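Right, one structure below, let's go through it.
It should be emphasised that the depicted structure is a prediction, and the values quoted were computed from it without experimental measurement. Note that the numbering runs from 1 along the sequence shown for the chain. For ligands, and for the atoms within them, numbers begin at 1 and follow the listed sequence.
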Amino acid sequence: MTNLAPLHVVAGVVRNAQGDILLARRHPTKEHGDLWEFPGGKREVGEQPEETLVREFKEEVDITIQRAHPLIRIRHTYTHREVLLDVWSVEQFSGKAWGREGQPIEWCAPHLLRTKTFPAANYPVITAALLPAVYLITAEPLKRNDPKFFYQLERNLEQGIQLLQFRSSFLDAHEYCYCAEKILTICEPYKVQVLAYTTPAIALSVGVHGVHLQQADLLQLVERPLKKDLWVAASCHTPDDIKQAQTIDLDFVTLSPIRATSNALGWLTFFTQTEQAKIPVFASGGLQYQDIGFAWAHGGQGIAGQKKIWDSTMHPIN
Ligand SMILES: Nc1nc2c([nH]c(=O)n2[C@H]2C[C@H](O)[C@@H](COP(=O)(O)OP(=O)(O)OP(=O)(O)O)O2)c(=O)[nH]1
Ligand SMILES: [Mg+2]
């Protein structure tokens with residue numbers, strides 16, 4: 001290893017109308033030959049990352065990118081060089097993709113992404129590509145059949161929420177499970193994924209899509225509590241929490257509080273921590289939809305929102 005600055009590589013996640021993601025296969029003679037990648041390449045001197053993205057997509061796959069936002073930045077040390085893989089999510093593009101350098105390309109269904117072999121730096125990027133920008137944390141149901149709760153749940157689903165954390169501190173374990181099963185039934189037709197804010201064992205018994213750990217539980221664990229086919233996320237408040245989440249191989253975390261309290265971290269601290277992180281980080285704590293752009297600009301996956309998002313009638317998702 002030399003002390004060179006990391007090689008800044010900009011790549012993009014592009015989806016077609018079906019939601020499939022564009023992949024290219026690296027030329028066999030290049031480093032990481034024959035592996036799949038997100039199209040992109042090295043930033044040239046004087047370029048802004050977005051300019052690199054636009055240039056590389058035109059050069060490699062003949063697509064014109066019109067709008068994109070930052071998705072995740074991963075620093076990874078390969079044997080010969082450290083790479084900063086700066087990945088963007090493309091919101092709008094024109095043109096029909098083809099491999100202009102003779103490389104095979106493929107539109108890959110999201111659920112098949114994990115079956116492909118990528119360079120090692122890409123694994124958290126795949127997680128980021130599978131996660132939406134808004135992670136909705138439910139309000140507290142007052143009882144297991146709280147009609148207002150279920151009414152508001154459906155409003156949120158109709159507006160395009162894709163990832164939900166069912167949080168309740170009132171309900172006992174039995175009522176929590178009853179309520180979680182009902183939420184799952186309601187979410188199913190919307191293909192929304194539900195994480196339970198409870199123990200991994202209860203999450204497994206209810207059949208949700210994953211578990212969201214409290215900070216205290218995260219710190220107790222010595223290994224990932226569920227297999228890779230379920231999400232495992234955690235609430236973090238410090239850089240050490242995030243390190244622990246990475247050590248036990250969690251998928252993503254929330255970092256809070258960003259706003260609204262006397263001990264708020266603020267966006268600059270959030271940025272410092274996302275720059276160190278090796279998994280996607282949602283900003284959380286006092287945030288609303290208008291904060292998504294701040295989260296992206298500071299290295300976040302998006303926002304994890306509770307009350308202000310749950311009660312909102314304004315959903316600028318998609
Ligand atoms: N484009 C891209 N590069 C990746 C990904 N993952 C990953 O580790 N890399 C690494 C591999 C390479 O070391 C580096 C990108 O180099 P590259 O060979 O694509 O660069 P380039 O397009 O500018 O190619 P060239 O002009 O040197 O031929 O980043 C990915 O998903 N997409
Ligand atoms: Mg390239």
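Distance from atom 32 (N) of ligand 1 to its nearest protein heavy atom, with residue and atom name: Phe38 O, 2.7 Å. The protein non-hydrogen atom at the shortest distance from atom 11 (C) of ligand 1 is His32 CD2, 3.5 Å. In terms of protein heavy-atom proximity, atom 23 (O) of ligand 1 is closest to Lys42 N, 3.0 Å. Annotation: atom 3 (N) of ligand 1 to nearest protein heavy atom, Glu37 OE1, 3.5 Å. Regarding atom 5 (C) of ligand 1, its nearest protein heavy-atom neighbour is Asn122 OD1, 3.6 Å.
The shortest heavy-atom distance from Glu59 to ligand 1 is not under 4.0 Å.
In the vicinity of Lys30, heavy-atom distances shorter than 4.0 Å reach the ligand 1 atoms 18 (O), 19 (O), 24 (O), 28 (O). Distances below 4.0 Å separate heavy atoms of Gly40 from the following atoms of ligand 1: 1 (N), 19 (O), 22 (O). The contact set between ligand 1 and Glu60, taken as ligand atoms under 4.0 Å from a residue heavy atom, comprises 22 (O). Within the listing of ligand 1, atoms 3 (N), 14 (C), 15 (C), 29 (O) sit less than 4.0 angstrom from a heavy atom of Val9. Close contacts of ligand 1 with Glu31, meaning ligand atoms under 4.0 Å from a residue heavy atom, involve 12 (C), 13 (O).
Counting backbone and side-chain atoms alike, Gly40 contributes an N/O/S atom closer than 2.8 Å to the Mg ion (ligand 2).
Geometrically, ligand 1 and Ala121 share no nitrogen or oxygen pair separated by less than 3.5 Å. Between Pro119 and ligand 1, no pair of N/O atoms sits closer than 3.5 Å.
Heavy atoms of Leu85 found under 4.0 angstrom from ligand 1 belong exclusively to the side chain. Neither the backbone nor the side chain of His76 has a heavy atom within less than 4.0 Å of ligand 1. If you look at Tyr78 next to ligand 1, the close heavy atoms, those under 4.0 Å, all belong to the side chain. Contact annotation for Arg26 and ligand 1: only side-chain heavy atoms (C-beta onward) come within less than 4.0 Å of the ligand.
Between Glu56 and Lys42 there is no salt bridge, since no side-chain N of the basic residue sits under 4.0 Å from a carboxylate O of the acidic one. Remark: Arg25 does not engage Glu37 in a salt bridge, criterion side-chain N to carboxylate O under 4.0 Å.
In this pair, Tyr176 and Phe166 present their aromatic rings parallel. The plane angle is below 30°, not in the 30 to 60° band. Relative orientation of the Phe294 and His298 rings is parallel, given thresholds of 30° and 60° on the angle between their planes.
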Are Val281 and Phe270 close enough, and set up right, to give a side chain to side chain contact (heavy atoms under 4.5 Å, CB included), and what steps lead you there? CA-CA 9 Å; Val281 182; Phe270 180 75; 3.8 Å; yes
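Under the 6.0 Å cut-off for aromatic ring centres, Phe252 and Phe282 qualify, their centroids lying closer than that. Checked against the 6.0 Å centroid criterion, the rings of Phe93 and Phe57 do not qualify as a close aromatic pair. A centroid separation of less than 6.0 Å is found between the aromatic rings of Tyr135 and His212.
In the hydrophobic clustering of this structure, Ile258 does not group with Phe271; members are Ile, Leu, Val, Met, Phe, Trp, Tyr whose side-chain heavy atoms approach within less than 4.5 Å, directly or through other members.
For the side chain to side chain contact (heavy atoms under 4.5 Å, CB included) with Lys58, the qualifying choice from Val61, Asp62, Val54 is Asp62, the only one to do so.
The name of the N, O or S atom in Glu60 nearest to the Mg ion (ligand 2) is OE2.
Judged purely by atom type and a 3.5 angstrom limit, Gln103 uses its side chain to pair as donor or acceptor with the backbone of Glu60.
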